[in-house]
Amino acid sequence: MPDTPRKPTSFDVARRAGVHRSQVSRALSGQGRMSEETRKKVIEAARELGYRVNFLARSLQSSTSGLVGLVASRLDTPYRAIQVRAASRELLSHGFTPILLTTEGGEDNTGLVERLLNYSVSGMMITSGTPSSGIIEECASLKVPVVLINRDPTLEGADRVLIDIEASGRMAFDMLHERGGQRFAVLQPRDRTYSVLGRARAFAACCRGGVDIIEIENQTYEAGLAAADSFLRQSRADSVFCTTDLIALGFLDGLRLRHGVSVPGEVQVLGFDDIPQAGWLSNSLSTIHQSSEAAAVEAVKLILKRIADPSRPFETGRIRIAPVHRATTRGEPS
């Protein structure tokens, strides 16, 4: 019976590359400082020998796998897709490997977070739903950094990245009011996430003369398209705040293409997020810019700071917002 070929070890790779054994896993994981020349030597030696690092096996010894969990929903939306891509790129550049778990958007993601803990993750980033306080406490006891992006700020025990909800609503109102808006409406999804519901309420609070709240099914283009029918039946508003760009694009098509409404002549339309599609010439949607990429980079930064110093005070990073006037709001301030 022929002998089974011996699997190459890190000693073999180190010998072939002419480096110390400790540099092998660091080079192959992307972690640790070393010259690019040394890293290339190790990678080439490992490739020639057919050597692979079993990072999950290493985690049993080191209590960490180098994995960082990303919990996200609505990956079919441009905003979330850009955010996940940016987070993945940023983690890889710092030597960590992202592991993505998707959810339908429910508010309790405790089960997904527990599953990530089974992989001895080095940290996790949660962009959808809100884990229970108990699971956050467990993460803290295991020294697993958790960063929440635009999640409920009353939950303690985690770093977070947030937009200013009140400022978002005020900015939306000001953008429409200064361009001649007199009667206002807001499209409010029934699947109420913290940031979307928060800015809808903050906008409504600014409309002292009253606001028409048009409830829609969810945060999709299709829901925005259907909302145009509801809006024209229920409201006489001349200015509408759509709480996401994807909703706004559907609403815009419903007004223009289904009902022949002049935008912005008869009705001004404002979105939120500034996804790439908002700037397409056929849409030219006025909106409020918040950078999904900047939020992801800030979240990774907070994870790295927590790994370096688990006892540091919890921190909140802020996502900047900025008005973007295009063709769906009127040309000059009134």
Side-chain angles (χ1 to χ4, degrees), residues 1-72 75 80-102 112-127 139 142-147 149 159 292-310:
M1 188 173 183
D3 294 335
T4 302
R6 184 178 70 86
K7 290 185 177 180
T9 68
S10 58
F11 286 109
D12 298 322
V13 177
R15 191 180 302 114
R16 174 70 68 93
V19 300
H20 190 272
R21 183 194 175 201
S22 64
Q23 292 182 292
V24 173
S25 62
R26 285 162 51 201
L28 295 178
S29 68
Q31 296 177 313
R33 294 182 178 179
M34 64 180 63
S35 70
E36 191 59 30
E37 181 181 357
T38 299
R39 194 183 303 278
K40 287 180 179 179
K41 281 183 181 179
V42 173
I43 292 172
E44 183 61 29
R47 184 181 295 116
E48 290 174 358
L49 294 172
Y51 175 77
R52 294 288 184 273
V53 181
N54 188 335
F55 290 108
L56 291 179
R58 284 179 58 214
S59 72
L60 298 177
Q61 299 175 334
S62 65
S63 78
T64 182
S65 61
L67 298 172
V68 172
L70 304 178
V71 179
L75 293 184
R80 185 71 73 227
I82 292 170
Q83 190 173 74
V84 169
R85 183 177 63 196
S88 298
R89 184 179 64 242
E90 193 71 8
L91 287 167
L92 289 167
S93 73
H94 286 91
F96 292 92
T97 301
I99 176 171
L100 175 65
L101 292 182
T102 59
L112 290 179
V113 175
E114 287 177 335
R115 186 173 299 183
L116 286 171
L117 291 176
N118 292 334
Y119 287 88
S120 300
V121 290
S122 300
M124 63 183 76
M125 183 185 309
I126 299 174
T127 70
C139 291
L142 295 172
K143 294 184 171 55
V144 175
V146 178
V147 176
I149 301 182
D159 295 299
S292 57
E293 187 164 350
V297 170
E298 180 66 20
V300 172
K301 185 199 306 183
L302 290 175
I303 288 175
L304 297 177
K305 290 169 74 172
R306 180 69 52 195
I307 290 173
D309 182 6

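None of these values were measured; they are calculated from a predicted model.
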**OP:** Identify the two heavy atoms, one from Ile307 and one from Pro310, that lie closest to each other, and give their separation to 0.1 Å.
**Re:** O-CD, 3.9 Å
Subject >> CZ-CD1 distance between Arg85 and Ile82, expressed to the nearest 0.5 angstrom >> reply: 5.5 Å
**OP:** For side-chain contact (heavy atoms from CB on, under 4.5 Å), just list the numbers for Leu116 and Val71, CA-CA rounded to whole Å, side-chain angles, deciding distance to a tenth of an Å, and then say yes or no.
**Re:** CA-CA 9 Å; Leu116 286 171; Val71 179; 3.7 Å; yes
Subject >> Contact summary for Ile149 and Ala299, nearest pair of heavy atoms >> reply: CD1-CB, 3.9 Å
Subject >> Non-neighbouring partners of Leu117 that pass side chain to side chain contact (heavy atoms under 4.5 Å, CB included), sequence neighbours left out >> reply: Met124, Ile135, Glu138, Cys139, Leu142, Val144
Original post:
In Å, rounded to the nearest 0.5 Å, how long is the span from CD of Glu36 to CD1 of Ile43?
Top reply: 7.0 Å
**OP:** Return the set of residues passing side chain to side chain contact (heavy atoms under 4.5 Å, CB included) with Val297 (not counting sequence neighbours), or none when no residue passes.
**Re:** Glu90
Original post:
Please walk me through it: do Glu44 and Lys41 pass salt bridge (Lys or Arg N to Asp or Glu O under 4.0 Å)?
Top reply: CA-CA 5 Å; Glu44 183 61 29; Lys41 281 183 181 179; over 6 Å; no
**OP:** Could you tell me whether the side chain of Ser122 and the main chain of Gly66 form a donor-acceptor pair under 3.5 Å?
**Re:** yes
**OP:** Measure across Pro98 and Leu70 and return the closest heavy-atom pair with its distance rounded to 0.1 Å.
**Re:** CB-CD1, 4.0 Å
Subject >> Within-4.5 Å side-chain heavy-atom neighbours: Leu100 and Leu75 >> reply: yes
Subject >> Closest approach of Ala296 to Met125 (non-hydrogen atoms, all atoms of both residues) >> reply: O-CE, 4.3 Å
Subject >> Nearest atoms (heavy-atom pairs only) where Val121 meets Gly69 >> reply: CG1-N, 4.3 Å
**OP:** Could you pull out all residues at least two apart from Glu298 that satisfy side chain to side chain contact (heavy atoms under 4.5 Å, CB included)?
**Re:** Val161, Lys301, Leu302
**OP:** Compare every heavy atom of Val42 with every heavy atom of Val13, then report the nearest pair and how far apart it is.
**Re:** CG1-O, 3.9 Å
Original post:
If you round to the nearest 0.5 Å, how far is CG of Asp12 from OG1 of Thr9?
Top reply: 3.5 Å
